[in-house]
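As the structure is a prediction and not an experimental result, all values here were calculated from the model.
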Amino acid sequence: MGPQFNEGEIAITTNTNFRENRGKVVRLKEYLGRRHWPECNTPEHVWLVECLCGDSYLYYLYPRERDLTRTYVGQMPERFMKRISTESGQGVLDLHEIPEEVGDSDASV
């Protein structure tokens with residue numbers, strides 16, 4: 001089975017084992033193929049992604065070298081991303097759970 005995403009799509013990172021990488025808004029720049037990923041048992045579809053928010057970084061821990069690296073552009077397996085929009089710019093967020101009317105008691109910040 002091929003990759004689920006396409007180049008140029010925008011996604012949010014989710015369920016990463018390294019919590020600092022959760023919730024990052026990224027653009028998929030290039031499909032890198034199926035690769036082994038440290039937290040995964042089988043090869044994963046991996047993308048080169050770019051953070052889209054100003055001070056947002058991706059963090060990578062290299063235990064052997066005892067090095068923590070942060071970067072705007074890095075690799076991310078598909079399993080840790082959820083699509084926000086397609087490369088055409090058309091939104092694909094699932095909004096079916098939002099109530100039709102939101103009262104004051106439903107709002108939170």
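- Put simply, the side chain of E78 gets close to the backbone of Q4: a donor and an acceptor are under 3.5 Å apart.
- The structure places CG of L61 at 5.5 Å from CZ of F18, a figure rounded to the nearest 0.5 Å.
- With rounding to the nearest 0.5 angstrom, the CZ atom of F80 is 4.5 Å from the SG atom of C40.
- Interatomic distance, R83 CZ to I12 CD1, rounded to the nearest 0.5 Å: 14.0 Å.
- Closest approach of L48 to V73, counting heavy atoms only: CD1-CG1, 3.7 Å.
- Judged by distance alone, with hydrogens and angles left aside, the side-chain atoms of T13 form a donor-acceptor pair with the main-chain N or O of K24 at under 3.5 Å.
- A donor-acceptor pair is defined here as one N or O able to donate and one able to accept, closer than 3.5 Å; no such pair exists between the side chain of R27 and the backbone of E50.
- Heavy-atom minimum distance, L28 versus A11: CD1-CB, 3.9 Å.
- Without hydrogens or angle criteria, N21 side chain to L58 main chain gives no donor-acceptor distance under 3.5 Å.
- Within the cation-pi definition used here (under 6.0 Å to the ring centroid, within 45° of the axis), R70 qualifies as a partner of Y57.
- A donor-acceptor pair under 3.5 Å is absent between the side-chain atoms of R22 and the main chain of T14, judged by distance alone.
- For the atom pair CG of N17 and CH2 of W37, the computed distance is 10.5 Å after rounding to the nearest 0.5 Å.
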* Given the rule in the side-chain contact (heavy atoms from CB on, under 4.5 Å) test, do I10 and V26 qualify, once you have shown the distances and angles that lead to the verdict? -> CA-CA 6 Å; I10 297 172; V26 297; over 6 Å; no
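- Under 3.5 Å, the side chains of W47 and E30 contain no donor-acceptor pair of N or O atoms.
- Scanning all heavy atoms of the two residues, the minimum distance from H45 to P3 falls at CE1-N, 3.6 Å.
- Atom CG of D67 has more than 12 neighbouring heavy atoms from other residues, nucleotides or ligands inside a 6.0 Å radius.
- Side-chain atoms of Y60 come within 3.5 Å of backbone atoms of Q75 as a donor-acceptor pair (strictly under, hydrogens ignored).
- Under the 4.0 Å criterion applied to side-chain N and carboxylate O atoms, E7 and K29 are not assigned as salt-bridge partners.
- Contact detail for S56 and C51: the closest heavy-atom pair is O-CB, 3.5 Å.
- To the nearest 0.5 angstrom, E44 atom CD is 12.0 Å from M76 atom CE.
- When all heavy atoms of Y31 and V46 are compared, the closest pair comes out as CD1-O, 3.6 Å.
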